[in-house]
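These notes concern the structure reproduced below.
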Amino acid sequence: MKVLYDLLDDFLSLLFPRICYGCGNHLMRNEDVICVECRVVIPQTGYHSIPGNPVEQLFWGRCMISKAAAFSFYNRGSRIRKLIHALKYKGIKEIGTELGSIYGSSLKSSGFLDGIDRIIPVPLHTSKERSRGFNQSRIISEGIASVTGIRVLNDALVRPVRTQTQTRRSRYERWTNVEGIFKVSAAESLTGKHILLVDDVITTGSTIEACVNELLKIDGVSVSVVSLAYAVM
Ligand SMILES: [Zn+2]
C-alpha cells in the first residue's frame, strides 16, 4: 500500500510540482514548504542565547524590555528575505507558520520562553489587514504557539491609527510617526503577565518601541520581543 501511495505521490508531484518558496527548486517527498537546503542556509542570529545581543541593544535607553531576539539576519538577496516577501505579498501563510514553528522550537529549547505567559503579534491597521487578508505577525505567532502551547492574544493590542509608509524616514521621523498609534484593548486580562511581542522584521525598532510603551502602561506587565528577521541598519 505504501509503495502505491508513494507512486501516486510521485505522479501527482510531476503534474503539480511542489516548489520551495526560498529557492524555487522542487520539494522532495519528505520536504514541506521550505527545502532542507534553504533551512540550513538561513543566516540564523542565535541571539536568543546571547544576553545583551544587538537586538536588545537596539532598545537600550528607549523602552524597558526583558529580552529580545531575532531568528535570522535580513540580508539583501537572502532566502529569508524571499520567504518573508512571499509570506507578506504573495499570501503564502504556510511560510509564516513553518518559520514560526522552527523558531519557536529553538526559543523553547534554549529557555528563552521561560516565564512567558502570552504571545501578542504586532497589529496591522485594520484597513491594511483587510487588503492583505491577514496579519503576517499573527501567522508567525501561531507557528510559535503550535510548538510551545503559549496562548496567542490577537486582539489585545490594536492599531487604530493609520500611518504612512516607514520607508525613507529617519529614525526620529519614524518614531514620531508611530508614537501613540497602538492601543491596548483588554488591559485587565494582561495584568502581571510577561508578554512576548512578535513581529516579522525589526529594522529601527520604532514600531516595537511604540507597542512596548503602550503595554507597559498595564500594571505589572513585562515584555520580551522576537522577530523572524533583523535588518541591520
Ligand atoms: Zn529551497
Hydrophobic cluster membership, with links at side-chain heavy-atom distances under 4.5 Å among I/L/V/M/F/W/Y: are Ile119 and Leu190 in one? no
Proximity of Phe73 and Tyr47 rings by center, below 6.0 Å: yes
Min side-chain heavy-atom separation Val221-Thr191 under 4.5 Å: no
Answer yes or no: is there a side-chain heavy-atom contact under 4.5 Å between Asn135 and Asn154? no
Phe71 versus Ser227: any side-chain heavy-atom pair under 4.5 Å? no
Nearest-0.5 Å distance that lies between atom CD1 in Ile80 and atom CG in Leu87: 10.0 Å
Step by step, work out the salt bridge (charged side-chain N to carboxylate O under 4.0 Å, His left out) result for Arg39 and Glu98. CA-CA 10 Å; Arg39 286 166 198 252; Glu98 191 62 26; 3.0 Å; yes
Examine distances only and state if a side-chain atom of Ser185 and a backbone atom of Asp155 form a donor-acceptor pair shorter than 3.5 Å. yes
Smallest separation among heavy atoms of Tyr74 and Ala229, with atom names: CD1-CB, 3.5 Å
Spell out, as yes or no, whether a donor-acceptor pair under 3.5 Å connects the side chain of Glu31 to the backbone of Met28. yes
According to a hydrophobic-cluster definition based on side-chain heavy atoms being under 4.5 Å apart (Ile, Leu, Val, Met, Phe, Trp, Tyr only), do Ile65 and Leu153 belong together? yes
Between Pro123 and Leu157 the two heavy atoms that sit nearest each other are CG-O, 3.4 Å
With distance as the sole test, does Ser105 use its side chain to make a donor-acceptor pair with the main-chain N or O of Ser101 at under 3.5 Å? yes
In Å and rounded to the nearest 0.5 Å, what is the NZ to CZ distance from Lys193 to Arg151? 9.0 Å
Run Asn25 and Cys35 through side chain to side chain contact (heavy atoms under 4.5 Å, CB included) and show every step you take. CA-CA 8 Å; Asn25 289 333; Cys35 77; 5.7 Å; no
In short, Trp60 meets Gly52 closest at the heavy-atom pair CZ2-CA, 3.9 Å
Side chains of Ile150 and Leu113: does their closest heavy-atom pair fall under 4.5 Å? yes
Minimal heavy-atom distance between Glu56 and Pro51, with the atoms involved, is OE1-C, 3.8 Å
Test item: Val41 and Arg79 side chains (from C-beta on) under 4.5 Å apart, heavy atoms: yes
Using a strict cut-off of less than 4.0 Å between a Lys/Arg side-chain nitrogen and an Asp/Glu carboxylate oxygen, indicate whether Arg132 and Glu129 qualify as a salt bridge. no
Supply the atom-to-atom distance Ile19 CD1 to Ile92 CD1, rounded to the nearest 0.5 angstrom. 11.5 Å
Do Pro160 and His125 come within less than 4.5 Å of each other through their side chains, counting heavy atoms only? no
Does a side-chain heavy-atom distance below 4.5 Å link Cys63 with Asn213? yes
Using the rule that two of Ile, Leu, Val, Met, Phe, Trp, Tyr join whenever any of their side-chain heavy atoms come within less than 4.5 Å, decide whether Ile120 and Leu124 are in one cluster. no
Side-chain (Gln44) to main-chain (Ser72) donor-acceptor, under 3.5 angstrom: no
Whether Ser224 side chain and Lys67 backbone form a donor-acceptor pair below 3.5 Å: yes
Give a yes/no verdict on a cation-pi contact between Lys82 and Tyr21, requiring under 6.0 Å between NZ or CZ and the six-membered ring centre and an angle within 45° of the axis. no
Mind checking whether Leu99 and Ile42 have side chains closer than 4.5 Å, heavy atoms only? yes
So, for Ser206 and Thr204, which heavy atoms are closest and what is the spacing to 0.1 Å? OG-OG1, 2.8 Å
So among Leu107, Val55, Val226, which one has a side-chain contact (heavy atoms from CB on, under 4.5 Å) with His48? Leu107
Do the side chain of Thr45 and the main chain of Ala70 share a donor and acceptor less than 3.5 angstrom apart? yes
Is there a donor-acceptor pair under 3.5 Å between the side chain of Asp200 and the backbone N or O of Ile84? no
Where is the tightest heavy-atom contact between Arg29 and Arg18, given as atom of each residue plus distance? O-NH2, 3.7 Å
Is the side chain of Arg138 donor-acceptor paired with the backbone N or O of Phe134 at a distance under 3.5 Å, no angle test? no
Check for a donor-acceptor pair, side chain of Asp117 on one end and backbone N or O of His194 on the other, with a separation under 3.5 Å. yes
Mark yes or no for whether Asn53, through its side chain, and Ile50, through its backbone, hold a donor-acceptor pair below 3.5 Å. yes
Measure the spacing between CG of Leu216 and OG of Ser222 and express it to the nearest 0.5 Å. 8.5 Å
hydrophobic_cluster_shared for Leu83 and Ile139, side chain cutoff 4.5 Å: yes
Knowing that exactly one of Val198, Leu58, Asp199 qualifies, which makes a side-chain contact (heavy atoms from CB on, under 4.5 Å) with Ile208? Asp199
dist Ser49:OG -> Phe112:CZ (nearest 0.5 Å) comes out at 9.5 Å
More than 12 heavy atoms of other groups within 6.0 Å of Asp219 CG: no
Grouping I, L, V, M, F, W and Y whenever their side-chain heavy atoms are under 4.5 Å apart, do Tyr103 and Ile34 come out in a common cluster? yes
Distance from Thr207 atom OG1 to Ile202 atom CD1, nearest 0.5 Å? 9.5 Å
Residues, nucleotides or ligands: over 12 heavy atoms within 6.0 Å of Lys128 NZ: no
